[in-house]
Amino acid sequence: MILGGNLTCGGGRVAVSRATTVITRCRYYLRDALVVEHAPGTGSTRGPAVVILPPLGYEDTSAYRPLRVLADALAERGFVACRLDWPGLGDSAGSALDVDLVDRQLAAARALAGSLRERGAASVCGVGVRAGGLLALEAACFDRLVLWGTPASGKAYLREERAFHRLAARAFSEAPAGAPSLPAGAVEAGGFVHGAETVARLDQLDPTALAARPLSAVLVLEREGTATRGEVLEALRAFTADLTVLDAGGVGDLLDDPYRASLSPRAREAILAWLCRDTNTGKIDPPPATNSLRLGNVVERPWVGQGDGGELVGILCQPTELAPGAPWTVFYNAGGVRRSGPNRLWTAAARELAAAGIPSLRVDVRDVGDSDGASLPFRDLEAMYSEGSVADAVAAYDAVRDLGAGPVDVVGLCSGAFMAVQVASRRPVRRATIFNCLAYVWNDDARSNGYTAQVARSLFDARRWQRLLTGRIDAVALAGAMFTRARLRLLSLGQRLRGAPVDDEVAALLRLVVARGTALSVVCSEGDPSVDYLNQHVLVHDRPPVTIIPGVDHTIRPAWAHAEVIRLITTPPPGGEHVD
């Protein structure tokens, strides 16, 4: 369907020109999993079809964009490459606490490998990343495998997840009295949860006890500083005569902060060179035209639109019986986190809204998730707050209006909150629910606020200290931002001491949004820099309702707080508490 003359609804094949190579991307559902397929535009393919099996949990959030870059690189070299959203993650069906989640994940991998063979693939290679490698071995459905940073066992992986959560938990408090607790046996790791049954199944995964089909070849890409256990290599040699082990690394880059994660050129070239040893050519039939996912009385389907920077991608989530003129909600991504939202909260909230009769679009703006834009991480925050990104956000709003939306609500966190407010200043918005907004307008103060907020969040993050020390974070720009921050704070303090009103373009923007009829709901984590930013710019009596969530970090990772976030999105608040 054509929307507004240049927007497309659905997950059909979209041709993308990249230099002299044309590739196509197609989105479809297989069983209860979303698949994004990248293919050469020529129709002929080389070597095996490739299935990229991503990590689990927070690692999947970080690796999503780099693995899209890898799939594009494979398609440019002539391979059909499919990226799978595991059931229970991203835009696939299921939730973290489903008792049969691992079995459904294995079934999804087997179904995709089987589908590619039915469509003409002579062989199928799985590229298993981190825990995705453990699941690839257990699925026993591939002809060859790339095991990239695969843990020594499920037990080892769960130990790493628990250690990661202990580190992440330094940024927030213990769960308050009365907060919902996890089921016995569940494991929380950086905003994501493994249910008790999932933990038990993962705990059993052991590469030294393979029950796999014979493999024609295996490439092991070791994680930086970690050699593969000898017992694992011996087990693999029992299933293949062609075993290659490389210390190409790249796992650290892949699992960095979602906005700064990247595909290591060395790892990319190692995978491509290994796959290109197979010089066979052939033709794979088009994928199945299954462009919707049924979840009870809710249906989801991919959405593709056109922004100034190229293709925009999102997910429409609708009730099966859609009333004409119904209110819609548009979810904007949070920083570098794709459309499923921080800790998959946007997916959960969208499905709850749809079950209550309210459709939504959760969208990736440029440079994020599946939308076009930059393939390399940025050194600063400018792109997330660019006028081009705002234009993409407006295009998503216009798309739902073209789909017949009545009143439109918008939701966002961090840079997504910025986009939600900017959209509300340019289009009629019924309600804007914004979480931890570090900037309402993009100026020197916003830049310094963003940089210094990064510093505050880096105190217990060894990877960010490493980026600073190795030059991946611009130390000069950071020092300049801290100086600007201090200067602006002194000017603001001087105004207050003189009794002068603290009123500027931020306050003017919020007045404009409210004057346009938008109900503005501001939500801040306790102690988040967004609170200080609002205090500095808007007088108490001019502030919109503000709700403070105690004991959580900027991206609201603690699982005990997730139900409250969804409630704030799906239930209009009766009011809020002003901050001083």
- Side-chain ion pair, E222 and R229, N-O less than 4.0 Å: no
- Query: Does a salt bridge link R266 with D253, judged by any charged N lying under 4.0 Å from a carboxylate O?
  - Reply: no
- Query: Would E311 and R27 satisfy salt bridge (Lys or Arg N to Asp or Glu O under 4.0 Å), going step by step from the backbone distance to the final call?
  - Reply: CA-CA 13 Å; E311 186 177 282; R27 298 155 189 88; 2.7 Å; yes
- Salt bridge flag under 4.0 Å for residues R83 and D370: yes
- Query: Is the shortest heavy-atom distance from the side chain of F331 to the side chain of S360 under 4.5 Å?
  - Reply: yes
- Query: Roughly how far apart are I434 CD1 and L568 CG, rounded to 0.5 Å?
  - Reply: 12.5 Å
- Message: Please enumerate all residues that pass side chain to side chain donor-acceptor pair (under 3.5 Å) together with R31, with sequence neighbours excluded.
- Response: none
- Before accepting this row, confirm whether a basic side-chain N of the pair D247/R223 lies closer than 4.0 Å to the acidic partner's carboxylate O. no
- Query: Salt-bridged, R362 to D91, with N to O below 4.0 Å?
  - Reply: yes
- For the pair R130 and D60, find out whether any cationic side-chain nitrogen is under 4.0 Å from an anionic carboxylate oxygen. no
- Query: Quick one: do R104 and D32 make a salt bridge, cutoff under 4.0 Å?
  - Reply: yes
- Message: Assess the residue pair D103 and R201 against the criterion (salt bridge (Lys or Arg N to Asp or Glu O under 4.0 Å)); give the C-alpha distance rounded to whole Å, side-chain angles, the decisive distance to 0.1 Å, and a yes or no.
- Response: CA-CA 9 Å; D103 288 334; R201 289 285 278 114; 2.8 Å; yes
- Task: Identify whether the distance between the nearest side-chain nitrogen and carboxylate oxygen of R119 and E37 falls below 4.0 Å.
- Result: yes
